[in-house]
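Here is the structure we will look at.
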Amino acid sequence: MNHDIMLETANAMTDATALTLDGPTHGRFMLQRLIDLGVILGEEWHAIDDDTRLGLLGAATVEGLLALAVEAKLLTEFQASRVMTGTSHLLVLGNYRILDRIGAGGMGIVYRGEHKLLRRPVAIKVLQMPSDEN
């Protein structure tokens, strides 16, 4: 559903603007992955202004992309840190996306999340697997 949102946007830009978006970059690949995973929602992507969108599309590195995405409020600092550690696939659990870590205890970790369709805030508790130490 969210595939190629970036390409549609890039194709809709003027020819002069498109010249600055030559070639795929690590940042652009990561941006597409975050959109495809549902970490960045399509409606949020379309709601940002053209200058911000161009900056994100032109990000050469993942680090640069993440800094711009946090600034544009497309990602939280927590989400950006998860992307940097290679665990962006864990930021979406079914219809819920994880936004931040609230706390941890003996049984698991509690996250602040959001239902992707209803856009309602939720608390998500992820239980730890028992260890098999004998």
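Just so it is clear, the values below take in all heavy atoms, side chains as well, and ignore hydrogens, waters and symmetry mates.
Here the options are L91, L93, I98, L90, the test is side-chain contact (heavy atoms from CB on, under 4.5 Å), and the partner is Y111; only I98 passes.
Rounding to the nearest 0.5 Å gives a distance of 6.5 Å between NE2 of H89 and OG1 of T87. Between atom CG of residue L34 and atom CE of residue M30 there is a gap of 6.0 Å, rounded to the nearest 0.5 Å. The line from CG of L74 to CG of L56 is 6.0 Å long, rounded to the nearest 0.5 Å. Rounded to the nearest 0.5 Å, atoms NE2 (H26) and CG (L65) are 12.5 Å apart. Atom CG of residue L31 and atom CG of residue L57 lie 6.0 Å apart, to the nearest 0.5 angstrom.
Side chains of E114 and V122 form no contact here, defined as non-hydrogen atoms less than 4.5 Å apart. The closest side-chain heavy-atom distance from M84 to E63 is below 4.5 Å.
Looking at every heavy atom in both residues, I124 comes nearest to G113 through CD1-CA, 4.1 Å. Between A59 and G64, the shortest heavy-atom contact is CB-C, 4.2 Å. Across all their heavy atoms, S88 and V83 have their closest contact at CB-CG2, 3.8 Å. In this structure, L66 and A80 approach most closely via the heavy-atom pair CD1-O, 3.7 Å. A pairwise comparison of heavy atoms in V70 and T76 identifies CG2-O, 3.8 Å as the closest pair. Across A123 and V110, no two heavy atoms sit closer than the pair CB-CG1, 4.4 Å.
Looking at R119 and E43, a side-chain N of the basic residue comes within less than 4.0 Å of a carboxylate O on the acidic one, giving a salt bridge. Residues R97 and E44 are paired through a salt bridge, judged by an N-O separation under 4.0 Å between the basic side chain and the carboxylate. Residues R53 and D50 are paired through a salt bridge, judged by an N-O separation under 4.0 Å between the basic side chain and the carboxylate.
Using modelled atom types, no side-chain atom of Q32 and backbone atom of F29 make a donor-acceptor pair closer than 3.5 Å. With hydrogens and angles disregarded, no donor-acceptor distance shorter than 3.5 Å links the side chain of R112 to the backbone of D100.
Q128 CD: more than 12 foreign heavy atoms inside a 6.0 Å radius.
A single hydrophobic cluster is not seen to contain both V92 and L99; linkage of ILVMFWY side chains at heavy-atom distances under 4.5 Å, directly or through other members, places them apart. Under a hydrophobic-cluster definition in which Ile, Leu, Val, Met, Phe, Trp and Tyr are linked whenever side-chain heavy atoms come within less than 4.5 Å, directly or via other members, V39 and I109 are assigned to the same cluster.
In this structure, Y96 and H115 have perpendicular ring planes: the angle between them is above 60°, well past the 30° mark.
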